[in-house]
Amino acid sequence: MSVVTIERKVLQKNDDLAASNRELFARNGLLVLNIVSSPGAGKTTLLEATIEELKDRARIAVVEGDVQTDIDAQRVARYGVPVVQIVTNGGCHLEAALVAAAVERLDLDQVDLLVIENVGNLVCPANFDLGEAMKVVVLSTTEGADKPLKYPAMFRRAAVLIINKVDLLPYVNVDVEEIKRNAQHINPKLVVFETAATARLGITEWCDWLVARLAAGHA
């Protein structure tokens, strides 16, 4: 019983800080994405392709979460955008307090789109609101069609599903339509994109959708 009480206190404290983050982001007119996935689904490659596609259409900053290294942050920084690294030292997710500390290092007046790349994990990040406008879950075709059924909380709380690595479909035994059915059975409102980030396939459609959200004031 005491464990449950402690967990509730931790989540309540995080939710309070997330609300504070959300107010800060709103005051600065930011669209904030929390990108989540299993390790290896292609979050960082998708982020690189997104930055390259949007470089003349939006001012982007990135908060990179990783368990141990700054390898992904170094990759993203090569695209000339502000990047702040959070190393969780084994922690399986980012928390609102960590994001609050990270954004203090950014000039938010110079940012339209803030992308938070969460730690690679489909379980823990589902429970922690960071103050983002939306969670974007990235699923690789190599992971199979049953991931939404195995990790429903993440798909229930996400606004967008990106099915990545569709260029590998000739080599993997997976049905993209089955992935969509499974995911939208859990969350019928999910907006779905199909991409191959390494080949830059589907990136324009995804980025056009983001630009439309920015133009519409994030609605």
Side-chain angles (χ1 to χ4, degrees), residues 21-22 24-38 40-66 70-86 94 99-100 102-120 125 130-141 154 157-168 189-219:
N21 286 348
R22 191 170 287 108
L24 173 67
F25 300 151
R27 284 200 304 274
N28 287 275
L30 301 183
L31 175 59
V32 182
L33 311 181
N34 179 5
I35 299 187
V36 295
S37 79
S38 301
K43 292 192 303 299
T44 307
T45 305
L46 176 73
L47 180 53
E48 290 173 306
T50 300
I51 293 169
E52 195 168 64
E53 177 78 18
L54 291 180
K55 61 185 177 185
D56 297 324
R57 295 197 277 172
R59 298 172 298 177
I60 303 173
V62 176
V63 172
E64 273 286 347
D66 211 331
D70 64 353
I71 292 173
D72 292 345
Q74 291 183 40
R75 284 174 55 182
V76 172
R78 294 191 189 109
Y79 290 81
V81 299
V83 183
V84 179
Q85 174 74 57
I86 300 173
L94 295 181
V99 172
V103 297
E104 285 181 355
R105 302 186 181 192
L106 297 170
D107 181 357
L108 298 184
D109 290 336
Q110 301 301 315
V111 178
D112 304 310
L113 176 64
L114 175 63
V115 182
I116 303 167
E117 183 177 352
N118 215 314
V119 175
L130 304 180
E132 73 273 11
M134 65 183 79
K135 285 182 171 65
V136 177
V137 58
V138 181
L139 180 66
S140 160
T141 57
M154 180 59 77
R157 291 166 183 160
V160 177
L161 165 62
I162 294 181
I163 303 172
N164 194 32
K165 303 186 183 180
V166 295
D167 53 330
L168 298 182
K189 294 182 179 179
L190 268 175
V191 177
V192 181
F193 295 93
E194 298 178 25
T195 65
T198 54
R200 300 300 194 257
L201 297 176
I203 300 301
T204 298
E205 290 82 356
W206 154 240
C207 289
D208 285 348
W209 186 84
L210 284 177
V211 170
R213 299 285 77 71
L214 286 166
H218 314 163

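Worth saying up front: this structure is predicted, and the values here are computed from it rather than measured. For reference, positions follow the sequence shown, starting with 1. Note: hydrogens, waters and symmetry copies are ignored here, and every other heavy atom, side chains too, is used.
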Exercise. Which residue pairs pass the ring-ring contact (aromatic ring centres under 6.0 Å, His included) test when at least one of the two sits in residues 40-60, sequence neighbours left out?
Worked result: none
For this session: Could I get the full list of side chain to side chain contact (heavy atoms under 4.5 Å, CB included) partners for Arg22, not counting sequence neighbours?
Result: Asp129
Exercise. Do Arg59 and Leu113 come within less than 4.5 Å of each other through their side chains, counting heavy atoms only?
Worked result: no
Exercise. Heavy atoms, side chains only, cut-off 4.5 Å: are Leu54 and Leu210 in contact?
Worked result: yes
Exercise. Is the side chain of Asn164 donor-acceptor paired with the backbone N or O of Ala197 at a distance under 3.5 Å, no angle test?
Worked result: yes
Exercise. Between Ile86 and Leu94, is any pair of side-chain heavy atoms under 4.5 Å apart?
Worked result: yes
Exercise. Going through the distances and angles, do Arg200 and Glu52 end up as a side-chain contact (heavy atoms from CB on, under 4.5 Å)?
Worked result: CA-CA 10 Å; Arg200 300 300 194 257; Glu52 195 168 64; 3.2 Å; yes
Problem set entry | Set of residues satisfying salt bridge (Lys or Arg N to Asp or Glu O under 4.0 Å) with respect to Asp167, sequence neighbours excluded | none
Exercise. Is any side-chain heavy atom of Phe25 less than 4.5 Å from a side-chain heavy atom of Val99?
Worked result: yes
Problem set entry | Residue pair Val191 / Leu161, side-chain heavy-atom distance below 4.5 Å | no
Exercise. Do Asn21 side-chain atoms and Leu130 backbone N/O form a donor-acceptor pair below 3.5 Å?
Worked result: yes
Exercise. Got a second to check how far Glu53's CD is from Ile60's CD1, nearest 0.5 Å?
Worked result: 10.0 Å
For this session: Check each of Val84, Leu33, Val81 against Val62 using the side chain to side chain contact (heavy atoms under 4.5 Å, CB included) test, and report the only one that passes.
Result: Val81
Seminar exercise, completed: Looking only at heavy atoms, the pair that brings Pro125 and Val36 closest together is CB-CG1, 4.0 Å
Seminar exercise, completed: Output for pair (Cys207 SG, Lys55 NZ), nearest 0.5 Å, gives 12.0 Å
Exercise. Taking 4.0 angstrom as the limit, do Lys135 and Glu132 come out as a salt bridge?
Worked result: yes
Exercise. Atom CD in Gln74, atom CD in Gln85: separation rounded to 0.5 Å?
Worked result: 8.5 Å
Problem set entry | salt bridge (Lys or Arg N to Asp or Glu O under 4.0 Å) involving Lys165 - partner list, sequence neighbours excluded | none
For this session: Could you tell me which non-hydrogen atom of Met134 sits nearest to which non-hydrogen atom of Ala159, and how far apart they are?
Result: CB-CB, 3.7 Å
Exercise. Below 4.5 Å, heavy atoms only, C-beta onward: do Ile163 and Phe193 meet side chain to side chain?
Worked result: no
Problem set entry | Donor-acceptor pair, side chain of Asp107 and main chain of Asp109, under 3.5 angstrom | yes
Exercise. Does a sphere of radius 6.0 Å around CZ in Arg105 hold more than 12 heavy atoms from other residues, nucleotides or ligands, not counting ones at 6.0 Å or beyond?
Worked result: no
Under 3.5 Å, sequence neighbours excluded: what are the donor-acceptor pairs made by side chains of residues 43-51?
from	atom 1	to	atom 2	distance (Å)
Lys43	NZ	Ser37	OG	3.1
Thr44	OG1	Asp72	OD2	3.2
Thr44	OG1	Glu117	OE1	3.2
Thr44	OG1	Glu117	OE2	2.7
Thr45	OG1	Arg75	NH2	3.1
Glu48	OE1	Arg75	NH2	2.7
Glu48	OE2	Arg75	NE	3.4
Thr50	OG1	Leu46	O	2.8
Thr50	OG1	Trp206	NE1	3.0

Problem set entry | Considering all heavy atoms, the nearest Val119-Asp66 contact | CG2-N, 4.2 Å
Problem set entry | For Ile35, the option from Ile162, Asn118, Val138 that meets side chain to side chain contact (heavy atoms under 4.5 Å, CB included) | Val138
Exercise. Quick one: are Val63 and Leu114 in side-chain contact, heavy atoms under 4.5 Å?
Worked result: yes
Exercise. With Ile71, which residues qualify under side chain to side chain contact (heavy atoms under 4.5 Å, CB included), at least two apart?
Worked result: Thr69
Exercise. Are any of the side-chain heavy atoms of Thr195 and Val166 separated by less than 4.5 Å?
Worked result: no
For this session: Identify the two heavy atoms, one from Leu106 and one from Pro82, that lie closest to each other, and give their separation to 0.1 Å.
Result: CD2-CB, 3.7 Å
Exercise. Do Asp208 and Arg57 sit within salt-bridge range, that is, some charged N less than 4.0 Å from a carboxylate O?
Worked result: yes
Exercise. Do Leu108 and Leu24 pass the side-chain contact (heavy atoms from CB on, under 4.5 Å) test, and can you show the C-alpha distance, the side-chain angles, and the key distance before you say yes or no?
Worked result: CA-CA 9 Å; Leu108 298 184; Leu24 173 67; 3.9 Å; yes
